[in-house]
Amino acid sequence: MTVRVQQADFDAGEEIRRLRLAHPEAGAVVSFVGQVRDLNQDRQVASLTLEHYPGMTEKSLEAIISSAYQRWNIIDTVVIHRVGTLQPLDQIVLVAVSSAHRGEAFAACEFIMDYLKTDAPFWKKEKTPTGEHWLDARDSDQSAKQRWNG
Amino acid sequence: MTVRVQQADFDAGEEIRRLRLAHPEAGAVVSFVGQVRDLNQDRQVASLTLEHYPGMTEKSLEAIISSAYQRWNIIDTVVIHRVGTLQPLDQIVLVAVSSAHRGEAFAACEFIMDYLKTDAPFWKKEKTPTGEHWLDARDSDQSAKQRWNG
Amino acid sequence: MIQLLYFARLREALNMDGEALPLTEAISVSALMASLAARGGAWQEQFDGTRPLRAAINQELVANTALIQPGDEVAFFPPVTGG
Amino acid sequence: MIQLLYFARLREALNMDGEALPLTEAISVSALMASLAARGGAWQEQFDGTRPLRAAINQELVANTALIQPGDEVAFFPPVTGG
């Protein structure tokens, strides 16, 4: 399990390769990469600034990943989340999961993303041509998470 | 939509990056990478040879991807599948899907893999220390596919 | 004429990757399989219906009730195992 | 004493990223919120319960009924929006 919260960019391909090669018994690596969009709900995005709660961020990500290990037979995971000011097309987050069979890697990767969205202490402030504002949490993220308890 | 069937290896990270950067409106890229395991059902794998049905392979992959476009609001996809003789830790297949929101990219990527497993004309022959044999199709792959019609 | 193609385990068992067969009117996949099984030996083993076998006409998966027309490309193969 | 931390929109509204407060016996999160709201102005706006607010004690998300003990680190913040 690797968790990193950093300003620097990351190399998603290298992380996936590392997960693969570290575990010859892993047949599958499923990954999610999130990037800054140029348009968000019809607003032109100039930049996005990510704030977090150092200490709690890492603990909450580790707790989410541990839940995934309890639910599925997965082999390894990496979660990298960037903080600071990002531009459109910058990467924000990587979640990658390896497992022997694909179904468990898909489920665990989506589970981790869904819980990250609702439980990990990150906040986004969007800068547009007309000013800055904090983004509101979305109800769809709450429902995506609640699915897993269905 | 990109479909490639090739002997050569591929760069999963580069394909994911290409999907991201080509579509600033894509917030999410979900990908699957499959690799040759060193052990398969307790058999030591020396190599794996993939045969396919040229022409039908590409058509069936394109049909699977088209079904995914009909079911979900996805932006772009790439499927690369290798053929020929591979060693443990070699990559076999990449499926990557971009979309505005993560749920659709996860669903479409897993759907494409599930249908690829049951409908795309590839066959695996495994070489072990005791000889060569063709792999049998797995019932679990049929049920994974049938899930999507539930 | 139709063009027949055999893949994977089937290709090896028949020791042949394909052949052209005369065909002047439509027949079903299962009728073609029965006539191939009638060749005996490995052909009978592979086409008598005891082993799982898939068929494609012109590169599309079909059921055994599908009709083959003169000029079609017909492929037989075991259940697929890619990915 | 307890250490209070404020994040994101809340930090900006209060113009403060944290403060130390005296505390000698356990109180609930909602009781602490009520005492912060009683400061009036921006404090009242943020802590009077009309805006969605999350609380963490020692870096774990908690419900408003949770008890804060002397020595705890208590954080308040808006619903999270990472990923």
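Residue numbering restarts at 1 for every chain, and letters A, B, ... go by the order of the sequence lines.
Applying the 6.0 Å contact sphere to CG of B:D42 captures no more than 12 heavy atoms from other residues, nucleotides or ligands. B:K127 NZ: 12 or fewer foreign heavy atoms inside a 6.0 Å radius. The neighbour count for C:E19 CD, taken as heavy atoms of other residues, nucleotides or ligands under 6.0 Å away, is above 12. Counting heavy atoms of neighbouring residues, nucleotides and ligands inside a 6.0 Å radius, atom CZ of B:R18 exceeds 12 of them.
Closest approach of B:H52 and C:F7 over heavy atoms only: O-CE2, 3.5 Å.
Contacts from residues 92-112 of chain B to chain C, taken as heavy-atom pairs separated by less than 4.5 Å, involve B:I92, B:V93 in sequence order. Residues from residues 76-85 of chain B that place a non-hydrogen atom less than 4.5 Å from a non-hydrogen atom of chain C comprise B:H81, given in numerical order.
The residue among B:D119, B:L50, B:T57 with the most heavy atom pairs within less than 4.5 Å of chain C is B:D119.
Separation of atoms CG (B:D136) and CZ (C:R9) is listed at 4.5 Å; rounding is to 0.5 Å.
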Identify every side-chain donor-acceptor pair in residues 75-83 of chain C under 3.5 Å, counting partners at least two apart or on other chains, and give the distances.
| from | atom 1 | to | atom 2 | distance (Å) |
| --- | --- | --- | --- | --- |
| C:T81 | OG1 | B:K124 | N | 2.8 |

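In this structure, chain C has no heavy atom under 4.5 Å from any part of B:H133. For a residue to count as touching a neighbouring chain, one of its non-hydrogen atoms must lie under 4.5 Å from one of that chain's; by this rule B:K125 touches chain C with the side chain only. Residue contact with chain C, scored on non-hydrogen atoms closer than 4.5 Å, is absent for B:S60. Residue C:A56 touches chain B through its side chain alone, counting heavy-atom pairs closer than 4.5 Å.
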Stepwise, does the side chain to side chain contact (heavy atoms under 4.5 Å, CB included) test hold for C:E73 with B:M56?
CA-CA 11 Å; C:E73 175 177 300; B:M56 178 172 168; over 6 Å; no

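For B:E25, the side chain to side chain donor-acceptor pair (under 3.5 Å) partners two or more places apart in sequence, or in a different chain, are B:H23.
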